[in-house]
Amino acid sequence: MHPQDFEKVVSPVSVAHFSQYKLTASLLKQLEDLSFHVYTSQVLEGLNHRPLKGREILLGHECVSIDATGQCVKATAAFLEEGKYMQKNVQCNILVGTDGAGSTVRKLVGIDLRGERNLQNLVSVHFLSRDLGQYLLNERPGMLFFIFNTEAIGVLVAHDLKQGEFVLQIPFYPPQQNLEDFTPKICKKLIFKLIGQELSDIDVIDIKPWVMHAEVAEKFVCNGNRIILAGDAAHRFPPAGGFGQ
Ligand SMILES: Cc1cc2nc3c(=O)[nH]c(=O)nc-3n(C[C@H](O)[C@H](O)[C@H](O)COP(=O)(O)OP(=O)(O)OC[C@H]3O[C@@H](n4cnc5c(N)ncnc54)[C@H](O)[C@@H]3O)c2cc1C
């Protein structure tokens, strides 16, 4: 890929890598544009004691139990109000569990995952460097950089070349290595080894471990098609290539 390739428009829809915090903000904005009301935990007072209307999104609510024995599905959600845990009951015809790979909905209805677990341990390093962004933008633009050299191995994911925002995925091997081995200082050194030069403006924001699994739920619907699993609750794949969902 060359810098001039960015100028070519060959598809009406462009591929983009978005950091989760940008994606979440953009999705919430889209929902509001579609006349949904999104309530954060700060503005929920009063709302929690009346039935839900249509097009209402309540943030900060955790599904803790489900009863699908009657005509409709009854879900209980827990939330914090003035430091106390409260519960709210929600009735619906269909419940869609989109609560991620560790899905409580899936566990509550007793659906197992099948596939391969613990394929690889990795550390995600979220960092900023405008210098690296500018260098890549001018010399080697791209979204994903698979880097192997004698000093280090990693996959560099460019989330925003202009702002210099990146996530580096580094494989690690417990018990020979521990998460504590990946301090901000060590991560900076690894980044310098991978890109072959020191960056004066590097800012490591976050370091988090994760484990790669490849698992699919044994079924996606149950209770007379009234409970449905979607997204990672139904299938979690290795994100290699960044083409996840
Ligand atoms: C390290 C890593 C990198 C990845 N990179 C990419 C990538 O570059 N591109 C890509 O397309 N995909 C990528 N993926 C995959 C992608 O992140 C997931 O496929 C996607 O986030 C799944 O979306 P989801 O909405 O199903 O679940 P999630 O994004 O996990 O969202 C689940 C939501 O449910 C909430 N929740 C959990 N429990 C409850 C409960 N009991 N009640 C109510 N809410 C609950 C959670 O707080 C969360 O907000 C990556 C995954 C990993 C682990």
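No experiment lies behind these values; they were computed from the predicted model shown.
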At what distance, to the nearest 0.5 angstrom, does [atom1] of [X] lie from [atom2] of [Y]?
| X | Y | atom1 | atom2 | value |
| --- | --- | --- | --- | --- |
| Arg130 | Leu137 | CZ | CG | 11.5 Å |
| His126 | Ile207 | NE2 | CD1 | 12.0 Å |
| Leu113 | His235 | CG | NE2 | 11.0 Å |
| Ile202 | Ile191 | CD1 | CD1 | 3.5 Å |
| Thr183 | Lys188 | OG1 | NZ | 9.5 Å |
| Asn223 | Ile94 | CG | CD1 | 12.0 Å |

Nearest atoms (heavy-atom pairs only) where [X] meets [Y]:
| X | Y | value |
| --- | --- | --- |
| Cys72 | Gln91 | SG-OE1, 3.3 Å |
| Phe192 | Leu199 | CE2-N, 3.2 Å |
| Ala217 | Ala233 | CB-O, 4.3 Å |
| Val125 | Cys187 | CG2-SG, 3.7 Å |
| Pro171 | Gln177 | O-OE1, 4.4 Å |
| Lys193 | Ala152 | CB-CB, 4.3 Å |

Do you reckon [X] sits in the same ILVMFWY cluster as [Y], going by side-chain contacts under 4.5 Å, direct or chained?
| X | Y | result |
| --- | --- | --- |
| Val96 | Ile66 | no |
| Phe172 | Val204 | yes |
| Tyr135 | Leu168 | yes |
| Leu229 | Val216 | no |
| Ile153 | Val155 | yes |

*Going through the distances and angles, do Gln120 and Tyr173 end up as a side-chain contact (heavy atoms from CB on, under 4.5 Å)?*
CA-CA 8 Å; Gln120 176 70 54; Tyr173 299 88; 3.7 Å; yes
*Show your reasoning for whether side-chain contact (heavy atoms from CB on, under 4.5 Å) applies to Leu28 and Glu32.*
CA-CA 6 Å; Leu28 290 176; Glu32 282 176 346; 5.7 Å; no
Flag the pair [X] / [Y] as yes when at least one side-chain heavy-atom distance between them is below 4.5 Å, and no otherwise.
| X | Y | result |
| --- | --- | --- |
| Phe79 | Leu58 | no |
| Tyr39 | Leu59 | no |
| Leu119 | His213 | no |
| Leu52 | Lys88 | yes |
| Leu190 | Phe182 | yes |

Inspect the surroundings of [atom1] in [X] and state if more than 12 heavy atoms from other residues, nucleotides or ligands are less than 6.0 Å away.
| X | atom1 | answer |
| --- | --- | --- |
| Lys22 | NZ | yes |
| Asp33 | CG | yes |
| Tyr21 | OH | yes |

*Determine, stepwise, if the pair Ile111 / Glu218 fulfils side-chain contact (heavy atoms from CB on, under 4.5 Å).*
CA-CA 6 Å; Ile111 298 178; Glu218 57 187 4; 3.7 Å; yes
Whether the side chain of [X] engages the backbone of [Y] through a donor-acceptor N/O pair (distance < 3.5 Å, no angle test) should be reported.
| X | Y | answer |
| --- | --- | --- |
| Thr24 | Gln20 | yes |
| Asp99 | Val105 | yes |
| Arg226 | Gln71 | yes |
| Asn178 | Asp181 | no |
| Arg117 | Val211 | no |

*How are the rings of Phe127 and Phe166 set relative to one another: parallel (under 30°), tilted (30 to 60°) or perpendicular (over 60°)?*
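Parallel.
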*Looking just at side-chain N and O atoms, do Glu62 and Thr104 make a donor-acceptor pair shorter than 3.5 Å?*
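Not at all, the side chains of Glu62 and Thr104 share no donor-acceptor pair under 3.5 Å.
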*Taking atom types as modelled, find out whether Asp131 and Ser129 have a side-chain donor-acceptor pair closer than 3.5 angstrom.*
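Their side chains do not contain a donor-acceptor pair, so the 3.5 Å distance test is not met.
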_Derivation and outcome, side-chain contact (heavy atoms from CB on, under 4.5 Å), residues His61 and Val90_ = CA-CA 11 Å; His61 283 59; Val90 181; over 6 Å; no
